[in-house]
Amino acid sequence: MSDPVSALNNANFDSGIATVTELGAVGMITLRGDLSAKSLQKAVVAVAGVSMPDQRTCVTQDAGGMAWMSSDELLIMCDYTDAASKLTELQGKLAKEHALAVNVSDARAVFEVRGPNAREVMAKLAPVDLAPAQFTPGMFRRTRIAQVAAAFWMPQEGVFHVVCFRSVAQYVFDVLSGAAQSGSEVDLNWDVAKRG
């Protein structure tokens, strides 16, 4: 079996106010079904190795994780080499459920934006309130980055992970890198609006 090749072969931009890195091949399984069904919850938690995420959150541990995508959809993340076996296991556990599970690993690209200005870089590109009091580690948004569909979450403060379609990976890398260029700081004062 040949080694997996990611969309941009681990491209990296590190000469600005934040570092932008393509994270390489990541295992991803999309699951559609009744997320309130206890049998589905039990199956997906067993396969993903993390607890069920709440609405608009992402739960991660090591290379694994699970994100709430919509009221009937989850995104399960794992090591790329484990995706096929985890999909088989999940389909077996859900054989009697009305659910659809698909390996989408090769259809996606994943980026990391890291550094003290990572929040500012993301705020330039996504229509999401990224003030520290409004978007905290563990939160997840399915939205857009500039002109394309994307999703992102913060595994920890100062770090964002961004998922997009593989077909727009170069565009997403370019706009993230552009927003992270040296001298592009906008000196955001997150407390100005005190959202009361």
Side-chain angles (χ1 to χ4, degrees), residues 1-14 19-33 35 40 43-50 52-53 56-95 97-114 121-122 125-126 140-155 159-178 180:
M1 184 169 143
S2 61
D3 292 331
V5 177
S6 64
L8 301 181
N9 206 18
N10 302 91
N12 185 59
F13 173 83
D14 62 1
T19 300
V20 179
T21 306
E22 190 214 15
L23 294 182
V26 176
M28 286 181 252
I29 299 168
T30 292
L31 173 67
R32 301 295 296 261
L35 303 186
L40 183 141
V44 74
V45 165
V47 171
V50 295
M52 281 288 289
R56 292 186 301 277
T57 66
C58 181
V59 180
T60 59
Q61 184 175 334
D62 302 324
M66 189 167 23
W68 182 92
M69 298 291 281
S70 72
S71 59
D72 69 346
E73 183 178 0
L74 295 171
L75 179 66
I76 301 163
M77 294 160 283
C78 62
D79 191 82
Y80 181 88
T81 58
D82 295 335
S85 62
K86 284 189 177 287
L87 176 62
T88 300
E89 181 184 356
L90 184 60
Q91 288 172 331
K93 290 180 181 295
L94 296 175
E97 299 290 326
H98 180 69
L100 172 68
V102 179
N103 184 345
V104 295
S105 306
D106 293 325
R108 305 287 189 267
V110 184
F111 297 94
E112 180 179 86
V113 180
R114 177 181 287 269
V121 170
M122 296 300 294
L125 300 170
F140 181 90
R141 291 297 181 272
R142 188 175 187 177
T143 182
R144 63 179 172 83
I145 296 293
Q147 299 299 313
V148 298
F152 61 84
W153 68 96
M154 288 178 65
V159 178
F160 286 82
H161 285 184
V162 180
V163 176
C164 66
F165 290 112
R166 184 183 182 106
S167 60
V168 296
Q170 186 66 60
Y171 173 82
V172 171
F173 179 76
D174 291 346
V175 296
L176 288 170
S177 299

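Nothing here was measured: the structure is a model prediction, and the numbers come from that model.
Between Thr30 and Met69, every side-chain heavy-atom pair lies at or beyond the 4.5 Å cut-off. The shortest side-chain heavy-atom distance between Gln91 and Leu87 falls under the 4.5 Å cut-off. Counting heavy atoms from C-beta on, the side chains of Arg142 and Glu73 come closer than 4.5 Å. Side-chain contact between Arg114 and Thr21: absent, with no pair of heavy atoms (C-beta onward) separated by less than 4.5 Å. For the pair Arg108 and Phe165, the minimum side-chain heavy-atom distance is below 4.5 Å. At a threshold of 4.5 Å between non-hydrogen side-chain atoms, the residues Phe140 and Val59 do not count as touching. Residues Val121 and Phe160 fail the side-chain proximity criterion, which asks for heavy atoms closer than 4.5 Å. Counting heavy atoms from C-beta on, the side chains of Met77 and Val110 never come closer than 4.5 Å.
Among the candidates Met154, Met122, Arg56, the single residue satisfying the side-chain contact (heavy atoms from CB on, under 4.5 Å) test with Arg141 is Arg56. Evaluated for a side-chain contact (heavy atoms from CB on, under 4.5 Å) with Val44, the options Leu94, Val50, Leu35, Leu31 yield exactly one hit, Leu31.
Residue Val172 comes nearest to Cys164 through the heavy atom pair CG2-SG, 3.7 Å, listed as atom of the first residue, atom of the second, then distance. Closest heavy-atom contact between Ala126 and Thr143: CB-CG2, 4.5 Å. Minimum interatomic distance between Ser6 and Ala25 (heavy atoms only, all atoms of both residues): CB-N, 3.7 Å.
Side-chain atoms of Glu22 do not come within 3.5 Å of backbone N or O of Phe173 as any donor-acceptor pair. Glu97 places no side-chain N or O within donor-acceptor distance of the main-chain N or O of Leu40, the cut-off being under 3.5 Å. Checked by atom type and distance alone, the side chain of Thr57 never pairs as donor or acceptor with a backbone atom of Pro53 at under 3.5 Å.
Enclosure of atom OH in Tyr171 by more than 12 non-hydrogen atoms of other residues, nucleotides or ligands within 6.0 angstrom is indicated.
Here the CE atom belonging to Met66 is positioned 10.0 Å from the CG atom belonging to Leu75, to the nearest 0.5 angstrom. Note: Asp72 CG to Arg32 CZ = 4.0 Å, rounded to the nearest 0.5 Å. Between the CG atom of Leu23 and the CG atom of Asn12 there is a distance of 10.0 Å, given to the nearest 0.5 Å. Here the CZ-CD distance, from Phe152 to Glu112, works out to 14.5 Å after rounding to the nearest 0.5 Å. Asp79 CG to Ser105 OG: the interatomic distance, rounded to the nearest 0.5 Å, is 10.0 Å. With rounding to the nearest 0.5 angstrom, the CG atom of Leu90 is 11.0 Å from the CG atom of Asn103.
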